[in-house]
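Here's the structure, in structure tokens; my notes come after.
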Amino acid sequence: MGSTSGHTDDGFGRRDLIKRSAAIGLISVPTMSFLASCASSDSGADNKVEKGEKTDKNPLGVNGGAPLEIVIFDGGFGTKYAEDAKAVYEKTYKKAKVKFSSTQKIQSVLQPRFNGGTPPDLIDNSGAEQMDMGVLVGKKQLTDLTPLLDAPSIDDPKKKVRDTLRPGVVEMGQFDGDPVWIMYYAYTVYGVWYSQTALEKLDAEYPETWDDMLALCAKAKKKGIAGWTYAGKHPYYIPFSLYPFIGKIGGREVLDAIDNLEPGAWKHPAVKAAFEAYYELYKKGYILRGTPGLDHIQSQTAWNEGKALFIPNGSWVENEAKKTTPKDFEMRVAAPSSLDSSDKLPFGTIWASGGEPFIVPAKAKNPDGGMEQLRIMLSEASSKNFTRQVASLTSFDGGTDGLTLPPGLTSAIAALEKAGKNVLNPRIQDWYVALQKEKIGVAGLGEMMAGRLTPAEAIQKIQGFADEAAKDSSIKHYKHQ
């Protein structure tokens, strides 16, 4: 999760495509072995470039003649937004030689660089081979970005960068205490995505209660339309709507307990109720046939083609699926339906948080340049450029004035406004990548939604995975403060 946002058409998931066999322990997973070797390497002496002079226009003291290297994940957001920001850096620091590259294989490409102590200066750590954030932080592989956050913003020198960001973005980059290790550039709204046109054809509105959801799915089924589909090969997409559903039913403290790996957290009644509700979609035949065998692109295409009404996803989907989205589709996102009147939080409660995690490695030669590039990206101009290109928000709080926004993004902004203070931000996908994706996602939820586990069996299995992670001394553990 990561990133946390967008995918590629080659079948790689935006947030970590881990093969199913790896998820259930049949083969080894390269992510952890990479990070172990990366973190244990002592090679690469401190060879940082000399600092430049700090001025009002250069508050980070960037060495304007020093080289800068940037590596961007080439996923659903593409790379042009980052290339455009790079051009601004080059215009500002005319003597700097900037090396820019992109890849879908962040881990494979950068593993030797980390091991040798010569990583790039700025990395968009996203995609199928995203490096485990919790491990990187725990092994002190990242630069604290506090100087960036405390620097004057590009647009208003009287405001610090941190004061221009959306709520929760700074906290997401913190893992244990005050340092901020990650700058999440995109701002993602997760939830239940649908076509307003498809609902109108059924003379229906988005169902605000679960009973209404089931009734609408039954109505659609009679017309030969499935109620739901999802990325069956990457079922860690299911939590994009399931987690806020759990939080809505039982309160945000239930999600906090899950994040904290507290004993019995997955056995909370809210989890049980949410799992049983989703399982009912399977039992009643409201899931598109063949969904467990679909990847994210295939499931989105089926949804675009009107074969299913709803899909759990993030706001990158509008840009990613645009090639197959009909012009009259009228894409929308909504918060999870209410289970019943006993829910702790109101309808409209949604999950929204930073995505597209940018990091500056601890051994980067030019960390000031890396942070300066991020400062440029967090300007209003760069933010608008990103939103204009990829139909997604950035972590800059604003940047949409004067833009003609596509329907999905317009809907996402409206959903945020409706949620108000009831915006949830589960951290388990950031703190424990392997647990969230391989075990909870694939081996737990994926098996349940395919009908191979009952809700009770899935809860028992997932609780076991969480307990194992909690007891594993090789894993850095984090808790909500």
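Residue indices begin at 1 and follow the sequence shown.
The aromatic rings of F175 and Y478 sit perpendicular, their planes meeting at an angle over 60°, well past the 30° parallel limit. Relative ring orientation between W303 and F329 is described as perpendicular, the plane-to-plane angle rising above 60° on a 0-90° scale split at 30° and 60°.
Between W266 and F465, a ring centre-to-centre spacing not shorter than 6.0 Å is recorded. The distance between the ring centers of F240 and W316 falls below 6.0 angstrom. Between F77 and F386, the gap from one ring centroid to the other is short of 6.0 Å. Taking the centre of each ring, W181 and F358 stay at or above the 6.0 Å mark.
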Only distances under 3.5 Å count here; give the side-chain donor-acceptor pairs of residues 242-259 to other protein atoms, sequence neighbours excluded, each with its distance to 0.1 Å.
residue	atom	partner	partner atom	Å
Y243	OH	Q436	OE1	2.7
K248	NZ	S338	OG	2.8
K248	NZ	D343	OD2	2.9
K248	NZ	L345	O	3.0
R252	NH1	V423	O	3.4
R252	NH2	K421	O	3.2
D256	OD1	H480	NE2	3.3
D259	OD1	R427	N	3.2
D259	OD1	I428	N	3.0
D259	OD2	R427	N	2.9
D259	OD2	H480	NE2	2.8

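Ion pairing between a basic and an acidic side chain is recognised when a charged N comes within 4.0 Å of a carboxylate O; K384 and E380 show such pairing. Here E457 does not pair with K461 in a salt bridge; the nearest charged N to carboxylate O distance is not below 4.0 Å.
Rounding to the nearest 0.5 Å places CG of N422 at 13.5 Å from NZ of K344. Interatomic distance, OG1 of T229 versus CD of Q298, reported as 10.0 Å (0.5 Å rounding). Between the CZ atom of R162 and the CG atom of L149 there is a distance of 5.0 Å, given to the nearest 0.5 Å. Here CD of Q104 is found 11.0 Å from OG of S126. Values are rounded to the nearest 0.5 Å. In this structure, OG1 on T325 lies 8.5 Å from CD on Q300, to the nearest 0.5 angstrom. To the nearest 0.5 Å, atom OG of residue S383 and atom OH of residue Y187 are 13.0 Å apart.
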request  = Go through the steps to decide whether R166 and D397 satisfy the test salt bridge (Lys or Arg N to Asp or Glu O under 4.0 Å), and finish with yes or no.
outcome  = CA-CA 5 Å; R166 296 182 186 277; D397 194 1; 3.6 Å; yes
key: Pair M172-I182, side-chain contact (heavy atoms from CB on, under 4.5 Å): steps then yes or no   = CA-CA 8 Å; M172 277 197 70; I182 303 159; over 6 Å; no
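Evaluated for a side chain to side chain donor-acceptor pair (under 3.5 Å) with T146, the options D150, D144, T143 yield exactly one hit, D144. The residue from W351, Y278, F310 that alone fulfils the side-chain contact (heavy atoms from CB on, under 4.5 Å) condition with S241 is Y278.
Residues E200 and E330 are not in side-chain contact: their nearest non-hydrogen atoms beyond the backbone lie 4.5 Å or more apart. Inter-residue side-chain proximity for L165 and M183 is flagged as met; some heavy-atom pair is nearer than 4.5 Å. Side chains of Y190 and S353 form a contact here, defined as non-hydrogen atoms less than 4.5 Å apart.
S474 and D472 share a donor-acceptor pair across their side chains, judged by distance under 3.5 Å alone. Looking only at atom types and distance, the side chain of T301 has no donor-acceptor partner in the side chain of N304 under 3.5 Å away. The closest side-chain donor-acceptor pair between T209 and S337, if any, does not fall under 3.5 angstrom. A side-chain donor from one of Q463 and D467 sits under 3.5 Å from a side-chain acceptor of the other.
The two residues S411 and V333 make their nearest non-hydrogen contact at OG-N, 2.9 Å. Closest approach of L216 to A204, counting heavy atoms only: CD1-CB, 3.6 Å.
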